[in-house]
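See structure below.
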Amino acid sequence: IQVLLARHRVGPFLQHRLRDSPVTQALPAEVREQIRARHRRQVEIAQGCLGLLEMFDRECHAAAIPFLLLKGPAMAQRLYGDVAGRGFWDLDILVAEHDRARMFHLLDRCGCFRLSTVFVSDRLSAAFTHAFDYEKDGVRLDLHWSLSRLPGLRCEVAGVMARRQQFEVGGVSAPVLCMEDELAFLLVSVFADIQRGSVRLQSFVDVWQLLRRTPVTDWSRFIANRVSEGSDRICADTLRVTLGALDLGGEFPELVDRL
């Protein structure tokens with residue numbers, strides 16, 4: 001349990017799932033308190049991120065800069081019905097690449113401190129990475145202008161922006177990825193974490209929860225749609241790993257047949 005809580009960040013998810021379960025009482029008191037403590041900390045993080053989201057939403061609308069909310073509290077609310085229902089540490093925001101410089105100025109004006117190290121210049125650094133890290137009042141924010149910088153991928157921000165949906169996150173109506181784009185983005189992110197040796201069980205649980213909620217029924221079409229992005233094999237391989245790791249073949253037989 002300690003490994004699950006510390007290494008895999010599933011404390012908030014366990015609290016979410018065990019809240020009304022008789023299994024809770026079967027756990028040692030020390031473990032129950034560790035799970036509750038992780039959840040309390042996640043509530044604090046979520047509240048900080050929501051406060052930053054409110055400011056960010058207001059400032060971006062005033063500056064006419066479109067954005068998307070990625071992962072974090074949006075994914076927690078969407079998949080688990082609670083902004084503190086999964087582990088996350090920061091607020092992830094995506095803007096179009098042509099709005100990147102304007103966002104740098106906006107964040108600076110709002111008192112956000114950049115944590116990322118810049119190589120020579122902002123423009124040169126941005127060609128090699130997909131995001132810069134910021135902090136304001138102890139809350140972390142990642143500003144993305146690309147969904148991934150993995151070699152060979154061509155994830156067009158304009159396309160995902162056009163397909164975005166509005167979703168209420170902690171009382172704020174925020175633009176988020178459509179469900180199919182959310183799944184594709186998550187699979188690429190998990191693949192990148194596997195490459196770095198930093199993948200966590202929480203990521204596989206997220207894929208499982210998203211598979212249960214996605215409107216995708218034609219998995220051949222889903223994989224075919226990834227060809228233009230260069231992520232078809234990445235998505236297929238990550239789905240295979242997830243289904244195997246969590247033994248989900250019986251729950252998603254049509255997906256197993258496609259893979």
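Note that these values count all heavy atoms, side chains included, but never hydrogens, waters or copies made by symmetry.
Annotation: Tyr80 is in aromatic contact with Phe13 [ring centroid separation under 6.0 Å]. Taking the six-membered ring where the residue is Trp, the centroids of Tyr134 and Phe113 are separated by 6.0 Å or more.
If you check the side chains of Gln42 and Arg38, you find no donor sitting under 3.5 Å from an acceptor. Under the 3.5 Å distance criterion, with hydrogens and angles disregarded, a donor-acceptor pair is assigned to the side chains of Arg78 and Gln165.
Taking the six-membered ring where the residue is Trp, His130 and His144 present tilted rings, their angle falling between 30° and 60°.
Considering only heavy atoms from C-beta on, Asp232 comes within 4.5 Å of Val227 through its side chain. Side-chain contact between Leu143 and Asp92 is absent, with no heavy atoms from C-beta onward closer than 4.5 Å. At a threshold of 4.5 Å between non-hydrogen side-chain atoms, the residues Phe252 and Leu239 do not count as touching. The side-chain heavy atoms of Phe67 and Asp99, taken from C-beta on, include no pair separated by under 4.5 Å. Within the 4.5 Å cutoff, no side-chain heavy atoms of Val139 are placed close to those of Glu135. Contact annotation: the side chain of Phe88 approaches that of Arg86 to within less than 4.5 Å [non-hydrogen atoms, C-beta and beyond]. Counting heavy atoms from C-beta outward, Asp82 and His39 have side chains that approach closer than 4.5 Å. Side-chain contact between Val157 and Leu94 is present, with heavy atoms from C-beta onward closer than 4.5 Å.
Put simply, the residue from Asp122, Asp133, Asp142 that forms a salt bridge (Lys or Arg N to Asp or Glu O under 4.0 Å) with Arg114 is Asp122.
The two atoms that bring Asn225 and Ser228 nearest to each other are O-OG, 3.6 Å, heavy atoms only.
Once rounded to the nearest 0.5 Å, the distance linking CG of Asp193 with OG of Ser198 reads 4.0 Å.
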